[in-house]
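The structure appears right after this line, and notes come after that.
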Amino acid sequence: MKYDVAIIGGGPAGYTAAERAAAGGLSTILFEKNALGGVCLNEGCVPTKTLLYSAKVYDTIKHAQKYAVKAENPTFDFPKIIARKNKVVKKLTAGIRMKMTEHGVVVVNGEAEIKGRAADGTITIACGEETYEAANLLLCTGSETVIPPIPGLAETEYWTSREALQTKELPASLVIIGGGVIGMEFASFFNSMGTEVHVVEMLDKILGPMDKELSEMLQAEYAKRGIKFYLGHKVTAVHGGEVTVEKEDESFVISGEKVLLSVGRRPVTKGFGLETLGVEPFRNGIKVNQYMQTSLPNVYACGDITAFSLLAHTAVSEAEVAVKHIQGKAGDGMSYKAIPGVVYTNPEIAGVGKTEEELQAEGIPYTVKKLPMAFSGRFVAENEQGSGVCKLILAEDETVIGAHLLGNPASELIVIAGLAIEKGMKADELRSIVFPHPTVGEIIKETLFV
Ligand SMILES: Cc1cc2nc3c(=O)[nH]c(=O)nc-3n(C[C@H](O)[C@H](O)[C@H](O)COP(=O)(O)OP(=O)(O)OC[C@H]3O[C@@H](n4cnc5c(N)ncnc54)[C@H](O)[C@@H]3O)c2cc1C
């Protein structure tokens, strides 16, 4: 049998593509060598957020007296926190499997290997003893942790995010190499649980390209809570729990019971016969057009493999675009104008659209409207002594082009700004929307009146 669509990789890109393709009547086969759900469900978004929620509950109870509630000597059961995380992952991955069955997707558990592409475009894929044929191929193999060539690292038992999520015991101290999104989410979790946390970052700010001002505010908040930051420091060696760092001509050692490496992720493009197709590369991933087509028209690439966004929601949208294109109804294709980025620390930080730093680099004029979160009544009611900021960025013609929020629940509120940016709304149009009162979301409307 020749399938309409074959998909390699069952993460957010792959399972979304499979579901949409099969629901649209296309015969669909999905190959997954590990667990359905990919990195996101098994060792990424979902398990981290589950752990962070336990930490948030614990933090809330620790500070219950701020809300005139008494809770003496709050404590936690760490193995049970990990067990709950595993339960959540199991439940959600089972849900994905059920969806695949419901829609009639053929799921093959095994490592797929591309064998070739015939003159008529037919793709041949091998998996185990079997070979399969498909008219279209979606490459959704995702990404893996970057392991830099730091002297001593290979001989050290370090953690990546995968091992950190599996730990059964809390380390007394932890050195995190890399203060990006993943590093900071783990820093937040372990700090809440009482671990002494050190964050080493080579750049002069945490959280990579996120809004500088808000990133610095979040860093200051975590510094107050005891996390030690080493910005602009390069790791030159790792030996056991001893991490040697260097800044200009100063060099010293930071010691931790564990070392967590989180310096980034890179697309998985090797080991599954991709070279037989000869698709054009982009950075360390694969080049695609707005319909997610690679340089071969019936071969698509979606998700982290494109090396573009490395976020689950981007992967999902790209998969939807690719399947629509196969069905001949892709419209304008993929838009990257309003991809939200969220860090699920406590408080959360979220951004969408342009940052001030990007606009300055591009020489684009803009105006900023900014208000402390305390201008929202609901925020004050629910965040005793908590601080935060809502920053909106407008183009010269008052089109909303960026939004950056620090404060809970930024991850939910950022959708409002994302909608405005994606739809090219002007400040006046967003002002005319009725927001329910009292909600923290009102801060977005309020900020536009500044
Ligand atoms: C700790 C952590 C936290 C994260 N938190 C968030 C978050 O909060 N929000 C967010 O948006 N993103 C988050 N991410 C990123 C997110 O997980 C990825 O962007 C997302 O999983 C990408 O989806 P994907 O489908 O492209 O690839 P993946 O999820 O990586 O899935 C690829 C799948 O392909 C399979 N595969 C590879 N090669 C083969 C082969 N030859 N044959 C068969 N199967 C194969 C793999 O086993 C894997 O299951 C996080 C990542 C990490 C590591």
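Remember, it's 1-based here, ligands and their atoms both numbered in the order they're listed. Quantities reported herein were computed from a predicted structural model and do not represent experimental measurements.
With salt bridges taken as basic N to acidic carboxylate O contacts below 4.0 Å, none links K56 and D59. Look at E196 and K228 and you find no salt bridge, because none of the NZ, NE, NH1 or NH2 atoms lies under 4.0 Å from a carboxylate O. Under 4.0 Å is where a charged nitrogen must lie from a carboxylate oxygen, and between R378 and E382 at least one such pair does. At a threshold of 4.0 Å, the pair E213-K370 counts as salt-bridged, since one of the basic side-chain nitrogens sits closer than that to a carboxylate oxygen. The pair E356-K391 counts as a salt bridge, with a side-chain nitrogen and a carboxylate oxygen less than 4.0 angstrom apart. Looking at K2 and E133, no side-chain N of the basic residue comes within less than 4.0 Å of a carboxylate O on the acidic one, giving no salt bridge. The residues K212 and E357 are annotated as not salt-bridged, no charged nitrogen and carboxylate oxygen being separated by less than 4.0 angstrom. Between K337 and E422, none of the side-chain N atoms (NZ, or NE/NH1/NH2) sits under 4.0 Å from a carboxylate O, so this pair counts as no salt bridge. Salt bridge K99/E102: absent, no basic N to carboxylate O contact under 4.0 Å.
Within the structure, the closest approach of V268 to ligand 1 does not fall below 4.0 Å when heavy atoms are considered. Residue-ligand proximity: Y344 is placed with a non-hydrogen atom under 4.0 Å from ligand 1. Residue E113 places every heavy atom at 4.0 Å or more from ligand 1. Using a non-hydrogen distance threshold of 4.0 Å, R265 registers as a contact of ligand 1. Within the structure, ligand 1 has G110 among the residues with a heavy atom less than 4.0 angstrom away. Ligand 1 has no atom lying under 4.0 Å from any heavy atom of E144.
Atom numbering of ligand 1 starts at 1 in the shown order; those under 4.0 Å from a heavy atom of E43 are 1 (C), 53 (C). Near L310, meaning under 4.0 Å from one of its heavy atoms, ligand 1 places the atoms 15 (C), 19 (O). Ligand-side atoms of ligand 1 in range of E111: 41 (N), 42 (N), range being under 4.0 angstrom from any heavy atom. Against a heavy-atom cut-off of under 4.0 Å, K49 is close to the following atoms of ligand 1: 5 (N), 6 (C), 7 (C), 8 (O). In the vicinity of F272, heavy-atom distances shorter than 4.0 Å reach the ligand 1 atoms 41 (N). Close contacts between ligand 1 and T48 involve ligand atoms 1 (C), 3 (C) [criterion: under 4.0 Å to a heavy atom]. Heavy-atom contacts of G303 reach the following atoms of ligand 1: 26 (O) (cutoff under 4.0 Å). Counting the atoms of ligand 1 from 1 in the order shown, those under 4.0 Å from a heavy atom of N34 are 47 (O).
Between Q293 and V288 the shortest side-chain heavy-atom distance does not fall below 4.5 Å. Taking 4.5 Å as the limit, some side-chain heavy atom of V343 sits within range of a side-chain heavy atom of M210.
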> What's the verdict on ring pair (Phe, Tyr, Trp, His ring centres under 6.0 Å) for F31 and Y132, showing C-alpha distance, side-chain angles and the deciding distance?
Replying inline: CA-CA 11 Å; F31 300 92; Y132 305 83; 5.2 Å; yes

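Nearest protein heavy-atom neighbour of atom 45 (C) of ligand 1: K33 CG, 3.6 Å. For atom 2 (C) of ligand 1, the closest heavy atom belonging to the protein is G44 CA, 3.4 Å. Residue, atom and distance of the protein heavy atom nearest to atom 38 (N) of ligand 1 are T141 CG2, 3.4 Å. What sits closest to atom 34 (O) of ligand 1 on the protein, heavy atoms only, is G9 CA, 3.1 Å. Of the protein's heavy atoms, A112 O, 3.1 Å lies nearest to atom 41 (N) of ligand 1. Remark: minimum distance from atom 31 (O) of ligand 1 to any protein heavy atom is reached at G11 CA, 3.5 Å.
The shortest N or O to N or O distance between L165 and ligand 1 is not under 3.5 Å. Where the criterion is an N or O separation shorter than 3.5 Å, residue side chain and backbone included, S161 fails it with respect to ligand 1. In terms of polar-atom proximity, defined here as any N/O pair under 3.5 Å, I182 makes no such contact with ligand 1. Considering both main-chain and side-chain atoms, E32 comes within under 3.5 Å of ligand 1 through a nitrogen or oxygen pair. Ligand 1 has a nitrogen or oxygen under 3.5 angstrom from a nitrogen or oxygen of A312.
Remark: the backbone N or O of R97 is paired with a side-chain donor or acceptor of T101 at under 3.5 angstrom.
Between Y15 atom OH and M100 atom CE the span is 8.5 Å, to the nearest 0.5 Å. Within the model, atoms CE of M292 and CD1 of I286 stand 10.0 Å from one another, a figure rounded to the nearest 0.5 Å.
When the options C45, P12, P47, G142 are ranked by their closest heavy atom to atom 50 (C) of ligand 1, first place goes to C45. The nearest non-hydrogen atom to atom 19 (O) of ligand 1, considering only V343, L52, D304, L139, comes from D304. Nearest residue to atom 17 (O) of ligand 1 from A35, G14, C40 is C40 (criterion: closest heavy atom).
Under the 30°/60° scheme for interplanar angles, the aromatic rings of F76 and Y58 are found to stand perpendicular.
In summary, of the residues considered (V259, I254, L174, I227), a side-chain contact (heavy atoms from CB on, under 4.5 Å) with H198 occurs for I254 alone. Each of R265, K270, R266 was compared with E144 under the salt bridge (Lys or Arg N to Asp or Glu O under 4.0 Å) criterion, and only R266 meets it.
Contacts of A13 with ligand 1, taken as heavy-atom pairs under 4.0 Å, involve both backbone and side chain. Both the backbone and the side chain of V39 come within contact range of ligand 1, each with a heavy atom under 4.0 Å. Neither the backbone nor the side chain of S309 has any atom closer than 4.0 Å to an atom of ligand 1 (non-hydrogen atoms only). Contacts between I8 and ligand 1, counted as non-hydrogen atom pairs separated by less than 4.0 Å, involve the side chain only.
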